[in-house]
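In the text below, chain A, chain B and the rest are named by the order of the sequence lines, each starting its count at 1.
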Amino acid sequence: MSVNTKMTAIADKVRTLLGVSGKMGLDAMAANLQTACTEVSNAYTAISEKGGTLPGSLNIVNLPTAIDSISGLNFEVVGGTSAPANPVANTIWVNTSTAITSYYFSSTQPENMANGAVWFPTRDNSSVAFNALKENCIQVYPSKATQMVNGELVDVEAKTYLNGAWADWYRGELYDNGNQYESITGGWTAYTQNGTTYTLGANSIQFSGGGSGTIYTNQMVDMSGYTTLYAEVTVTNTGENVTLGLSSRNNTINADYRVVEKSITKPSTQKHTIAVDISNINESHYVHFNCWKSGGTIHKIWRE
Amino acid sequence: MKIYIDIEFKCHTTDDGTMTAVEHPFFDGKCDAYVEGYRFIPAGESWTRSDGEVFQGEMIAPWKPYAELDAAQREYERARLADAEKALAILLGGDTL
């Protein structure tokens, strides 16, 4: 086949691909090709603006897949006892051995949850907030993960894949193993009398002495959506009492400002989990832990 | 302040003859509406919430929305302050009640 014949055959194929009828000059075909390339590029720009996923090669072959990626959710919920491989941003991994049959994001518990259903209680802030939609915005603020297992709603661990790593979900902690959760509590500060001391150690808060004192959050903490305030405390000196509660003021041991409290008088020398009902408190208050002629260690303070 | 608790550990300011008297500083200076929105579980007793969570005494927590109780207490304190100011005005200015 001569070169001319080959060129003619190629030109015919190009015309067929471009849908060009008749004999079009190479300049005109080049212009058509340029237009086609511009349109493909514009299509990928639109896909990106609408939250679609762009492929490695922005060619016409990959365009249908990219278009398919536009619609739908901007997150995925995956269950299992090990983290899913190759996660994408906003993949929510629920660490569970019970198959997830459905899931809910809501501020109140859904009715008639089936076995395996996962409920993510939502609040007005979250360490793992995300936009649920690729197009437009529905911002979701999950607080924790719970799952219906054999008729009981149980807490389960959840992590979200963010910025290339698995992020733990914040679960209501106010102090835990040295972490003061300052963005929520403003840190913890002590007010003491007559020799009582509080020491903020690397892994716990130590309290001791023969007087009285309180350690409290520097900021008011939102209690809405939570039902119980807890503290895990090991008492080493039984003394008089220890108290966990909420106050409307943060720098006083004055009972006038207490909103709720749970006291243990002459507690035994062991690890205690102190629980206070806060189900009817939907505002922000200071959290306090008081001791009177007692000594011991605060390991953790949290809300559920 | 002396209060009275019923069989559900709800607080009252008067005894209907079936209640248990409790003396506790938590309620000092609080109005009746505030006191009666609280639950007091004495030491050695326990209370089970509707979701099954068990709370050991001694615990003091509202069974009515706290915002409602706080509003009642603030109104009570405003009224007491107004009475005090009026009494002071009488003492200083000779006004009569």
Side-chain angles (χ1 to χ4, degrees), chain A residues 108-109 121 146 151-155 212 220-231 233 240-249 252-268 272-286 288 290 292 303-304, chain B residues 1-3 5-11 22-78 80-81 84:
Chain A
T108 56
Q109 183 182 339
T146 63
E152 281 192 37
L153 193 64
V154 297
D155 285 358
S212 59
M220 295 179 115
V221 179
D222 182 15
M223 295 294 152
S224 60
Y226 294 98
T227 59
T228 310
L229 175 67
Y230 295 96
V233 182
E240 287 297 330
N241 67 36
V242 294
T243 301
L244 174 69
L246 302 176
S247 304
S248 56
R249 289 195 184 181
T252 177
I253 55 174
N254 192 329
D256 288 352
Y257 305 109
R258 293 182 193 172
V259 174
V260 298
E261 67 177 28
K262 162 68 186 293
S263 295
I264 308 178
T265 300
K266 296 189 183 299
S268 56
H272 298 263
T273 298
I274 303 172
V276 191
D277 174 36
I278 56 169
S279 57
N280 285 295
I281 296 173
N282 295 299
E283 315 81 31
S284 296
H285 296 282
Y286 299 101
H288 68 253
N290 295 358
W292 181 32
R303 307 159 288 170
E304 289 185 3
Chain B
M1 179 178 177
K2 181 182 282 188
I3 59 157
I5 54 175
D6 62 23
I7 56 171
E8 295 180 322
F9 303 112
K10 289 180 177 176
C11 300
V22 175
E23 188 90 31
H24 202 285
F26 184 93
F27 297 107
D28 288 352
K30 299 297 190 289
C31 67
D32 290 0
Y34 189 93
V35 171
E36 296 189 346
Y38 266 83
R39 178 175 271 119
F40 182 99
I41 295 96
E45 305 265 7
S46 65
W47 165 69
T48 304
R49 199 166 57 192
S50 58
D51 62 1
E53 176 118 15
V54 177
F55 294 89
Q56 305 294 329
E58 178 182 298
M59 184 183 82
I60 307 172
W63 63 271
K64 283 185 175 180
Y66 178 76
E68 188 181 311
L69 307 182
D70 187 48
Q73 180 64 21
R74 287 171 187 270
E75 181 55 37
Y76 168 75
E77 289 174 359
R78 271 193 291 272
R80 287 189 66 185
L81 181 61

Any residue of residues 61-68 of chain B which, by heavy atoms, sits under 4.5 Å from chain A: A61(B), P62(B), W63(B), K64(B), P65(B), Y66(B), A67(B)

Heavy-atom distances under 4.5 Å only: say whether E261(A) touches chain B with side chain, backbone, both or neither. both

Begin with the C-alpha distance, continue with both residues' side-chain angles, and end with the deciding distance and a verdict on side chain to side chain contact (heavy atoms under 4.5 Å, CB included) for E58(B) and I264(A). CA-CA 7 Å; E58(B) 178 182 298; I264(A) 308 178; over 6 Å; no

Which pair of non-hydrogen atoms, one from V276(A) and one from M59(B), has the smallest distance, and what is that distance? CA-SD, 3.9 Å

Quick one: pull up CD1 in I41(B) and CG in D277(A) and give me the separation to the nearest 0.5 Å. 7.5 Å

Tell me, yes or no, whether the heavy-atom count around L81(B) atom CG, taken from other residues, nucleotides or ligands under 6.0 Å, exceeds 12. yes

Hey, could you give me the CD/OG distance between Q73(B) and S248(A), rounded to the nearest 0.5 Å? 10.5 Å

Start with the C-alpha gap between T227(A) and E53(B), add the side-chain angles, then the distance that decides, and say whether side chain to side chain contact (heavy atoms under 4.5 Å, CB included) holds. CA-CA 10 Å; T227(A) 59; E53(B) 176 118 15; 5.8 Å; no

Of all of T265(A), N282(A), V260(A), which one pairs up most often with chain B through heavy atoms under 4.5 Å apart? V260(A)

Under the rule for ring pair (Phe, Tyr, Trp, His ring centres under 6.0 Å), what residues qualify as partners of Y38(B), not counting sequence neighbours? F26(B), F27(B), Y34(B)

Distance (rounded to the nearest 0.5 Å) between D51(B) CG and Q109(A) CD: 10.0 Å

CD (E23(B)) with more than 12 external heavy atoms under 6.0 Å: yes

Inter-residue atom distance K262(A).NZ - I60(B).CD1, 0.5 Å rounding: 11.5 Å

With respect to chain B, which residue among N241(A), I281(A), V259(A), T243(A) yields the maximal number of heavy-atom pairs within a distance under 4.5 Å? V259(A)

